[in-house]
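I have placed the structure first, in the form of structure tokens, so that the comments after it can refer back to it.
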There are 2 protein chains.
Amino acid sequence: MATTNKYMNIFQELSSEIKNGVFKPNALLPSEHELCERFNTSRETIRKALTLLSQNGFIQKMQGKGSLVLDISKMTFPVTGLVSFKEIQQSLGRDIQTTVHKLELIEAEDWLANQLECPEHALTWEVVRARTIQGERVILDKDWLLQSSVPSLTEEICGDSIYAYLEGQLGLNISYAKKEITVEPATDEDRALLDLDGYSHIVLVKNFVHLEDTSIFQYTESRHRLDKFKFVDFARRRK
Amino acid sequence: MATTNKYMNIFQELSSEIKNGVFKPNALLPSEHELCERFNTSRETIRKALTLLSQNGFIQKMQGKGSLVLDISKMTFPVTGLVSFKEIQQSLGRDIQTTVHKLELIEAEDWLANQLECPEHALTWEVVRARTIQGERVILDKDWLLQSSVPSLTEEICGDSIYAYLEGQLGLNISYAKKEITVEPATDEDRALLDLDGYSHIVLVKNFVHLEDTSIFQYTESRHRLDKFKFVDFARRRK
DNA sequence: CAGTGGTCTAGACCACTTA
DNA sequence: AAGTGGTCTAGACCACTGT
């Protein structure tokens with residue numbers, strides 16, 4: 001829970017107080033000066049925490065006035081950014097089953113080596129999983145992970161959350177990702193492993209995940225039935 | 001060009017140097033200490049500029065090593081965040097025509113008042129525009145703007161860029177927006193005003209745009225033909 | 001070890017809001 | 001005028017990377 005960072009701790013404490021209604025929407029946070037006293041720290045440190053709150057949609061800072069608490073309930077929260085399928089569904093309190101259809105160590109073909117920006121024939125875990133929500137198989141997740149970063153992988157881990165294993169057990173440092181969302185014709189595999197319900201197309205979310213050394217170690221295709229797809233994004237205007 | 005902010009100027013100068021190849025991908029930026037000397041400023045100010053570069057995908061900071069320049073060309077840049085249709089298309093060098101189908105001042109019905117979080121019957125500009133790309137009408141933009149924020153609106157402005165008018169002429173301060181992306185059945189209006197090419201569904205991007213006082217002043221539905229939709233997102237992991 | 005970035009401080013000055 | 005947030009500074013100490 002407690003990270004070593006002062007401003008990170010303050011951010012987490014304030015954000016959970018907002019979530020728990022200690023600070024209500026449309027009210028003002030205590031002033032930066034007051035927060036300095038409460039957390040016994042300097043103003044720049046408080047400001048780093050407030051900047052994080054602002055970037056994550058918790059508050060709106062207004063010069064001369066204060067920091068206004070935004071209404072999180074209106075934001076279908078935080079589905080944007082680097083959040084795994086499981087984290088999102090858990091936050092919605094959904095009931096999900098995962099079926100692992102494939103878990104193999106393969107050699108990367110040229111198209112895959114291209115996506116992963118790795119040498120051809122690099123050893124790669126290929127994982128195919130279907131996600132069942134409320135009795136319907138509506139998402140097909142296809143993952144490729146470089147074995148150089150992930151030495152071993154078991155069906156048990158894939159049935160749970162790969163992310164939790166990577167960050168928790170392996171201590172991999174994920175730093176950023178690029179997502180691409182498009183709509184594509186459904187493949188035979190989609191029709192076999194999903195309940196497509198007559199839809200001829202699927203929403204394809206490609207995800208390129210980078211480590212702190214900037215190398216790609218995971219490429220994911222998340223294939224969603226059209227009517228079960230939703231993406232929410234919160235963005236601040238950069239002047 | 002030159003904002004009053006030192007760190008903003010440094011961010012813009014460094015980012016354009018990266019774009020122009022002064023700093024090449026996979027090379028390191030000068031150290032923070034060196035940048036302090038070059039820009040004649042303190043280290044925290046340099047670090048604010050570098051944080052912006054990092055958040056926007058230009059660099060990856062590595063403790064003990066330095067700031068690595070990322071390969072922007074791989075990022076289909078910056079389609080994420082609060083960028084208007086016109087800005088995106090211009091950045092891709094595309095050839096676009098806009099047809100204004102409707103431009104009326106109406107009273108907000110209940111569903112619209114709900115989206116805009118405004119009183120019912122509030123005076124609202126309703127704008128419907130079709131976007132033609134390479135000869136095909138593939139995007140239908142439906143905008144609603146509160147007249148209290150936008151007193152007048154002409155067909156000429158709508159044919160160009162509403163955003164440029166709002167920020168440039170009216171001086172409106174847009175601060176953040178929430179986007180929702182889903183897939184919906186095409187309506188009769190979609191079929192009438194777009195070249196749907198047989199597709200039964202469209203990608204719907206809802207956009208709620210907020211001002212600095214946090215009020216919503218614009219609600220937009222951007223309806224895309226399935227095969228002409230693409231969304232790119234760059235996200236950093238928040239630990 | 002020297003050099004890098006990561007965090008934190010105490011204070012300064014400015015711009016904006018409200019009364 | 002007093003209180004708020006926005007910017008900037010000069011310095012400190014720490015953690016990590018390389019040689």
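In what follows, every chain begins at residue 1, and chains take the letters A, B, ... in the order their sequences are listed. Nothing here was measured: the structure is a model prediction, and the numbers come from that model.
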When you check the gap from the basic side-chain N to the acidic O, do [X] and [Y] get nearer than 4.0 Å?
| X | Y | answer |
| --- | --- | --- |
| B/K48 | B/E32 | no |
| B/K206 | B/E221 | no |
| B/E180 | B/K178 | yes |
| A/E17 | A/K24 | no |

Starting from [atom2] on [N], measure out to [atom1] on [X] and report it in whole angstrom.
| X | N | atom1 | atom2 | answer |
| --- | --- | --- | --- | --- |
| A/R47 | C/dA12 | CZ | C1' | 14 Å |
| A/N5 | D/dC16 | CG | P | 12 Å |
| B/E212 | C/dC16 | CD | P | 11 Å |
| A/N173 | D/dA15 | CG | P | 17 Å |
| B/I10 | D/dT9 | CD1 | C1' | 13 Å |
| A/K48 | D/dT7 | NZ | C1' | 14 Å |
| B/Q63 | C/dT7 | CD | P | 8 Å |
| B/N9 | D/dT7 | CG | C1' | 13 Å |

Phosphate-side-chain proximity, [X] and [N], N/O vs OP1/OP2 below 4.0 Å:
| X | N | value |
| --- | --- | --- |
| A/T41 | C/dT9 | yes |
| B/Y7 | D/dT7 | yes |
| A/K61 | D/dG6 | yes |
| A/K6 | C/dG6 | no |
| B/R43 | D/dA10 | no |
| A/K65 | C/dT18 | yes |

Return the stems involving DNA chain C, sorted by first number, where pairs are Watson-Crick (N1-N3 with N6-O4 or O6-N4) or G-U wobble (N1-O2 and O6-N3), both under 3.5 Å, and runs are 3 or more long.
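Paired runs of 3+ in DNA chain C: C:2-18 with D:1-17.
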Among C/dC16, D/dA10, C/dG5, which nucleotide has an atom closest to any side-chain atom of B/S42?
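Side chain of B/S42 sits closest to D/dA10.
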Flag the pair A/I174 / A/Y163 as yes when at least one side-chain heavy-atom distance between them is below 4.5 Å, and no otherwise.
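SC-SC contact between A/I174 and A/Y163 confirmed.
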Tell me which of A/T45 and A/G64 sits closer to the 5' end of DNA chain C, going by the nucleotide each one is nearest to.
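The 5'-side residue here is A/T45.
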Evaluate whether atom CG of A/N20 has more than 12 neighbouring non-hydrogen atoms of other residues, nucleotides or ligands under 6.0 angstrom away.
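Atom CG in A/N20 is packed in, count exceeds 12.
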Without hydrogens or angle criteria, can the side chains of [X] and [Y] be said to hold a donor-acceptor pair below 3.5 Å?
| X | Y | answer |
| --- | --- | --- |
| A/T98 | A/R129 | no |
| A/T51 | A/S54 | no |
| A/T220 | A/Q218 | yes |

Would you kindly check whether a donor in the side chain of B/E44 faces an acceptor in the base of C/dC8, or vice versa, at under 3.5 angstrom?
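Present.
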Please walk me through it: do B/R43 and B/E34 pass salt bridge (charged side-chain N to carboxylate O under 4.0 Å, His left out)?
CA-CA 10 Å; B/R43 205 175 138 220; B/E34 288 171 303; over 6 Å; no
Within residues 21-34 of chain A, which residues have any heavy atom lying less than 4.0 Å from an atom of DNA chain D?
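Under 4.0 Å from DNA chain D: A/S31, A/E32.
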